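Predicted model only: the values in this text are computed from it and were never measured. Read the numbers this way: they start at 1 and go in the same order the structure lists the ligands and their atoms.
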Amino acid sequence: MGRLWSINRFLFFVTIIFLLFLFSCKEEKTKTNEKTPEKKITEVNKRVPVFNKDSAYEYVEKQVAFGPRVPGSKAHADCAVYFKDKFTSFGLQVIEQNAPAVTYDKKKYTIKNIIASYAPEKKERVMLCAHWDSRPIADRDTKDKDKPIDGANDGASGAGVLMEIARQLKIASPSVGVDIILFDIEDYGQPNNSGFPEMEDSWCIGSQYWSKNPHTPGYTARFGILLDMVGASDATFCLEGGSEYYAPLIQRKVWQTADDLGFSDFFVNVKSGPITDDHTYINELIKIPTIDIIHMDTNTGDFGSFHHRHSDNMTTIDKNTLYAVGQTVLQVLYTE
Ligand SMILES: [Zn+2]
């Protein structure tokens with residue numbers, strides 16, 4: 001009995017020690033599991049600034065207040081000065097790239113691409129872009145078809161979101177260099193029945209020029225994000241075919257980020273066909289993988305009821321949409 005008892009006691013102690021060991025391991029593991037993500041999330045959140053939707057809205061409003069930014073107009077010239085002043089005040093290096101252009105209607109203009117660079121000395125860069133000109137005609141409207149549109153969404157919204165991102169660059173530094181490019185003469189494309197001979201590549205004239213003549217020779221970036229019509233109420237952005245073809249990983253990353261942030265109502269998981277936009281020429285000519293975040297109505301498969309109509313004014317703009325897009329882009333930028 002005595003011997004048996006002592007073996008039992010030995011086994012008892014061994015069991016206790018073993019259990020204590022297990023417990024301490026488990027506790028250690030739990031601690032590690034708890035700590036790592038917390039630390040990671042905090043670090044990321046600390047680095048990602050909060051997009052100010054009121055500020056972005058104000059930038060959209062200000063552009064629209066100049067009047068339609070049609071190439072050659074006073075509103076266009078004044079708005080270019082406004083962009084340059086604002087970007088300079090945000091501490092960015094600003095270049096206005098000028099070049100001659102002829103549109104489908106045989107008119108001659110000077111392209112004004114506005115390029116604002118954060119940390120131009122950094123080799124690793126991300127390019128963010130939008131067009132800033134407004135369409136000189138309202139060819140999809142029922143009246144005043146020959147008059148220019150306000151382009152609150154088609155033009156000013158993308159530029160406004162990028163201005164707010166530019167303002168944030170002064171407040172918190174991302175690890176990568178950033179180039180914000182506002183392309184000119186995107187929306188001067190040839191309408192149906194224009195009466196002029198068909199012109200190839202009549203859209204995206206500013207981005208075509210830049211893609212062939214970047215502001216710095218040999219310019220490249222890890223990737224690009226184009227914003228086009230990113231301010232309408234209840235906007236939906238589809239997985240655009242050209243972006244999926246040229247930059248599938250970036251597209252997935254942006255949509256996943258939007259989903260993580262709770263913006264999946266905007267960034268829907270619906271595919272759309274390829275759209276000719278500034279990113280088309282960037283992908284094809286300068287070969288920087290670039291996606292397009294562009295308004296696409298999932299019910300109609302069209303750009304929305306405001307598109308190339310006079311209803312594309314400030315009443316179209318919703319701060320929540322500007323916020324969803326701006327915060328998603330900031331999150332992607334600051335986790336690069
Ligand atoms: Zn347009």
Seminar exercise, completed: Applying side-chain contact (heavy atoms from CB on, under 4.5 Å) to Thr88 and not counting sequence neighbours gives Val94
For this session: Measure up the Trp210 and His215 rings against each other and bin them: parallel (under 30°), tilted (30 to 60°), perpendicular (over 60°).
Result: parallel
For this session: Applying side-chain contact (heavy atoms from CB on, under 4.5 Å), name anything that partners Trp203, two or more places apart in sequence or on another chain.
Result: Arg135, Asp187, His308
For this session: Below 2.8 Å of the Zn ion (ligand 1), tally up the protein N/O/S atoms for me.
Result: 4
Exercise. With sequence neighbours left out, what residues match Asp105 under side-chain contact (heavy atoms from CB on, under 4.5 Å)?
Worked result: Thr103, Lys107, Tyr188, Phe196
Exercise. Tyr57 ring centre to Lys53 NZ or CZ under 6.0 Å, with the angle to the axis within 45°?
Worked result: no
Problem set entry | Sole candidate of Phe90, Phe66, Trp132, Phe183 that passes ring-ring contact (aromatic ring centres under 6.0 Å, His included) when paired with Phe83 | Trp132
